[in-house]
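Keep in mind it's a predicted model, so treat the numbers as computed, not measured. Along the sequence shown, residues are numbered consecutively beginning with 1.
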Amino acid sequence: MIDTVLLIARLLFVALLYLFLFAIMKTGVGLVRGQRKKERSWNLSIERGPKELRGVSIAVRGPVVVGRTPGADIVIGAGYVSARHACFNPMGQNLFIEDLGSTNGTAVNGKLIAGPVALKNNDVVNIGDVAIRVRFA
């Protein structure tokens, strides 16, 4: 009699354990799926500049350095561009542009910037004659 009660208790415990694990997995998958749907990111589209760069679009997932040096994320081989000219830096849902001490400066919507500037959707960043449009999609 006691063996039957213990067997039923064990089976009930295992069934509850499986239900608990199933509920945890279902919640976790739902969270991941929900994050992907709501995820929006910043994109940089080069609209004007050297022929090989025009039309290039880059998703910003971390800091993006623009410069003349081959180590930059966006390489612009022109004399008016410094080795490390400017940096796009995402912070939360915002995107900032910062001039890295370049000789000729960086402009946002035609105005030279002195420090980090928060960008808005469809802003245009000018580095010399290169125009980079910023989009939040």
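- Here ring pair (Phe, Tyr, Trp, His ring centres under 6.0 Å) pairs that include residues 106-129, with residues two or more places apart or in two chains, number zero.
- Taking both residues in full, the closest heavy atoms of A131 and N126 are given as CB-ND2, 3.8 Å, listed atom of the first, atom of the second, then distance.
- With rounding to the nearest 0.5 angstrom, the OG1 atom of T106 is 7.5 Å from the CG atom of L100.
- How far OG of S45 is from CD1 of I132: 9.5 Å, rounded to the nearest 0.5 Å.
- The line from CD1 of I127 to CD1 of I46 is 9.0 Å long, rounded to the nearest 0.5 Å.
- Looking only at side-chain heavy atoms (C-beta outward), V75 and R68 stay at 4.5 Å or farther from each other.
- Expressed to the nearest 0.5 Å, how far CG of D99 lies from CD1 of I113 amounts to 5.5 Å.
- The ring pair (Phe, Tyr, Trp, His ring centres under 6.0 Å) pairs that include a residue from residues 93-136 are W42-F136, where partners are two or more places apart or lie in different chains.
- Hydrophobic cluster membership differs between V124 and V56, with clusters built from Ile, Leu, Val, Met, Phe, Trp and Tyr side chains linked at under 4.5 angstrom.
- C87 and P63 get closest at one heavy-atom pair: SG-CB, 4.0 Å.
- One hydrophobic cluster holds both I74 and V117 under the rule that ILVMFWY side chains link at heavy-atom gaps under 4.5 Å.
- For N109, the side chain to side chain donor-acceptor pair (under 3.5 Å) criterion is met by D123, not counting sequence neighbours.
- Looking at every heavy atom in both residues, T69 comes nearest to A83 through CG2-O, 3.0 Å.
- Counting only heavy atoms from C-beta outward, the side chains of R48 and V130 never approach each other to under 4.5 Å.
- With hydrogens and angles disregarded, a donor-acceptor distance shorter than 3.5 Å links the side chain of H85 to the backbone of G105.
- The hydrophobic cluster containing L112 does not contain V66, counting ILVMFWY residues as joined when their side-chain heavy atoms lie under 4.5 angstrom apart, directly or transitively.
- By the side chain to side chain donor-acceptor pair (under 3.5 Å) test, E47 is found to be paired with R133, residues two or more places apart in sequence or in another chain being considered.
- One distance of note links OG1 of T4 with CD1 of I8; it measures 6.5 Å at 0.5 Å rounding.
- For the residue pair N43 and A59, the shortest heavy atom distance occurs at OD1-CA, 3.2 Å.
- The distance from atom OG of S41 to atom CD1 of I58, rounded to the nearest 0.5 Å, is 12.5 Å.
- Every pair tested for side-chain hydrogen bond (donor to acceptor under 3.5 Å, both in side chains) that includes a residue from residues 11-21 fails, sequence neighbours excluded, so the list is empty.
- Applying the side-chain hydrogen bond (donor to acceptor under 3.5 Å, both in side chains) test to residues at least two apart or on different chains, the pairs with a partner in residues 71-80 are Y80-D129.
- Looking at L119, V60, V108 one by one, the single match for side-chain contact (heavy atoms from CB on, under 4.5 Å) with V134 turns out to be L119.
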